Amino acid sequence: MENDFLQKVDLTLLQKDTKMSLAQIAELVEINPKAVYKWAYAKDDGGSRPTYNAIRLLKEKGASDKALFGLDTVVESPGVDDAEFAEKVKGVLRALIK
């Protein structure tokens, strides 16, 4: 089943993000290199989109949401370091045990 993403994949940015050639990307996601080129075209022009598993593998290699979906993802950090967070979790767990 084909994914109906609206945005084309930015192959140049994808290569930059992953530090891989299009041939290496094709090998990673186990498709023909020509199929990777189709990600850059609209569906009406014979384009296709990467599968969920391909997206997962590409994200693991550093692909950005901008390259894959045409949008920037902003994740707000609560500004808490791991040690402080761990201590708070321990405190909550201790309270639950009592």
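Computed from a prediction, not measured in an experiment: that's the story for all the values here.
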**Student:** Applying side chain to side chain contact (heavy atoms under 4.5 Å, CB included), can you list everything that pairs with Lys90, at least two apart in sequence or on another chain?
**Tutor:** Glu87, Arg94
**Student:** Quick check: do Met20 and Gln15 have side-chain heavy atoms less than 4.5 Å from each other?
**Tutor:** no
**Student:** Heavy atoms, side chains only, cut-off 4.5 Å: are Phe69 and Ile55 in contact?
**Tutor:**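 Yes. Closest side-chain heavy atoms under 4.5 Å.
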**Student:** Go through the steps for Thr51 and Arg56 under the test side-chain contact (heavy atoms from CB on, under 4.5 Å), then give the verdict.
**Tutor:** CA-CA 9 Å; Thr51 63; Arg56 183 183 53 78; over 6 Å; no
**Student:** Nearest 0.5 Å, what's the NZ-CG distance between Lys16 and Leu11?
**Tutor:** 15.0 Å
**Student:** Would you give the length of the straight line joining atom CH2 of Trp39 to atom CG of Leu22, rounded to the nearest 0.5 angstrom?
**Tutor:** 9.0 Å
**Student:** Taking only residues two or more places apart in sequence or in another chain, which ones pass side chain to side chain donor-acceptor pair (under 3.5 Å) with Asp17?
**Tutor:**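 Asp17 satisfies side chain to side chain donor-acceptor pair (under 3.5 Å) with Ser64 once adjacent residues are dropped.
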**Student:** Kindly list each side-chain donor-acceptor pair under 3.5 angstrom involving residues 24-36, sequence neighbours excluded, with atom names and distances?
**Tutor:**
from, atom 1, to, atom 2, distance (Å)
Gln24, OE1, Ser21, N, 2.7
Gln24, OE1, Ser21, OG, 3.4
Asn32, OD1, Lys34, N, 2.7

**Student:** Kindly compute the distance separating NZ (Lys8) from CZ (Arg49), expressed to the nearest 0.5 Å.
**Tutor:** 8.0 Å
**Student:** With the side chain counted from C-beta on, respond yes when Thr18 and Leu14 share a heavy-atom pair under 4.5 Å apart, and no when they do not.
**Tutor:** yes
